[in-house]
Structure formats: structure tokens, C-alpha cells
Amino acid sequence: MSVKLTDFQRKVYAAVSLIPQGKVSTYGLVAAYIGCGSARAVGQALKVNPFAPVVPCHRVVRSDLRLGGFCGSADEKALSQKRALLLSEGVRFVDPDTVHPDCLYTFT
DNA sequence: ACCGTGACGGCGA
DNA sequence: TTCGCCGCCACGG
């Protein structure tokens with residue numbers, strides 16, 4: 001069965017793939033980069049990301065630098081996995097749910 | 001084609 | 001500073 005993707009999803013995944021490891025970006029920044037006026041729409045595309053974590057959706061967090069969600073949900077179970085992935089890539093946390101500002105990637 | 005639903009974000013209280 | 005409300009927009013039913 002082929003995975004069906006919308007054009008919007010392709011744009012989102014392409015942009016997210018540009019985020020270097022050890023860094024993170026935000027739903028809003030990704031939206032702005034692909035010319036979409038809605039961070040929520042980006043979140044919606046990522047929550048159904050069939051390529052996780054090949055397409056590094058774990059490197060996308062909320063604009064307040066709190067984690068957001070992972071693997072379709074925002075429960076502690078998913079978030080701890082997201083945190084673990086980021087930590088393994090060198091992303092630092094100022095508290096269990098907030099990444100350090102220096103890791104932010106802004107799409108130049 | 002219309003409607004409800006969000007892994008969001010900014011702003012006022 | 002935290003909380004709630006509302007605007008945003010792609011998607012599936």
C-alpha cells in the first residue's frame with residue numbers, strides 16, 4: 001500500500017528535514033518558511049508523519065520552547081521519547097519540558 | 001461543499 | 001506570570 005501524502009505534507013516534511021541534529025525549530029517557524037499562515041496546520045501534518053523519526057519531527061517544538069507533541073499525542077509517554085531523542089542529539093533542556101534557546105534553528 | 005477538530009500562537013485580563 | 005479566548009488553516013467525515 002502506497003502512503004498518500006498531500007502537497008502540504010511534502011512541504012512540511014521537506015522543511016523539517018532541513019533542521020540539523022542538535023537543534024530544534026518551532027511549528028510557527030516551519031509554517032512561515034513554507035508560506036503557511038498557520039502553525040496548527042503544520043502540527044496537523046506532523047502528527048500523521050509516516051516517516052518519523054526519519055523526517056525529524058521530534059526537532060519541532062512550540063514557540064514557547066515547550067515540547068509540543070510526538071507520535072500523534074502530547075501525553076507524557078510520547079513526550080519522554082521525544083525528550084530522549086533530542087537529548088541523544090545534544091539538545092539541552094532548561095527544565096524537563098523546555099529546550100534551551102541556543103538550540104533554536106530559524107531557517108537562516 | 002460544509003463543519004468540527006487540532007503536536008499552535010499571540011494578546012488581553 | 002499564568003489562563004482563557006480567538007484566529008489561523010489543512011483534513012477527514
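Quick note on labels: first sequence line is chain A, next is B, and so on, each numbered from 1. Note that the structure is a prediction, hence the values are computed from the model and not measured.
- For the ring-ring contact (aromatic ring centres under 6.0 Å, His included) condition, no pair includes a residue of residues 56-92 of chain A, sequence neighbours left out.
- Checking A:Leu18, A:Val16, A:Val12 one by one against A:Tyr33, the side-chain contact (heavy atoms from CB on, under 4.5 Å) holds for a single residue, A:Leu18.
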Protein within reach of the bases, or only the backbone? For nucleotides 6-13 of chain B, mark each nucleotide 5' to 3' as B, S or -, using heavy atoms under 4.0 Å. BBBSS---
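- In 5' to 3' order, the nucleotides of DNA chain C bounding all contacts with chain A (an atom under 4.0 Å from a heavy atom) are C:dG7 to C:dC11.
- Between the OG1 atom in A:Thr98 and the CG atom in A:Leu65 there is a gap of 7.0 Å [rounded to 0.5 Å].
- Note on A:Phe8 and A:Val60: same hydrophobic cluster, where clusters join Ile, Leu, Val, Met, Phe, Trp and Tyr whose side-chain heavy atoms are under 4.5 Å apart, directly or indirectly.
- Here the CG-CZ distance, from A:Leu5 to A:Phe51, works out to 5.0 Å after rounding to the nearest 0.5 Å.
- For C:dC8, there is no paired nucleotide, since no Watson-Crick or G-U wobble pair has both relevant distances below 3.5 Å.
- Taking a cutoff of 4.0 Å between a charged side-chain nitrogen and a carboxylate oxygen, A:Arg62 and A:Asp64 qualify as a salt bridge.
- The 12-atom threshold is not exceeded at CZ of A:Arg66, counting heavy atoms of other residues, nucleotides or ligands nearer than 6.0 Å.
- Side-chain atoms of A:Tyr13 come within 3.5 Å of backbone atoms of A:Ala45 as a donor-acceptor pair (strictly under, hydrogens ignored).
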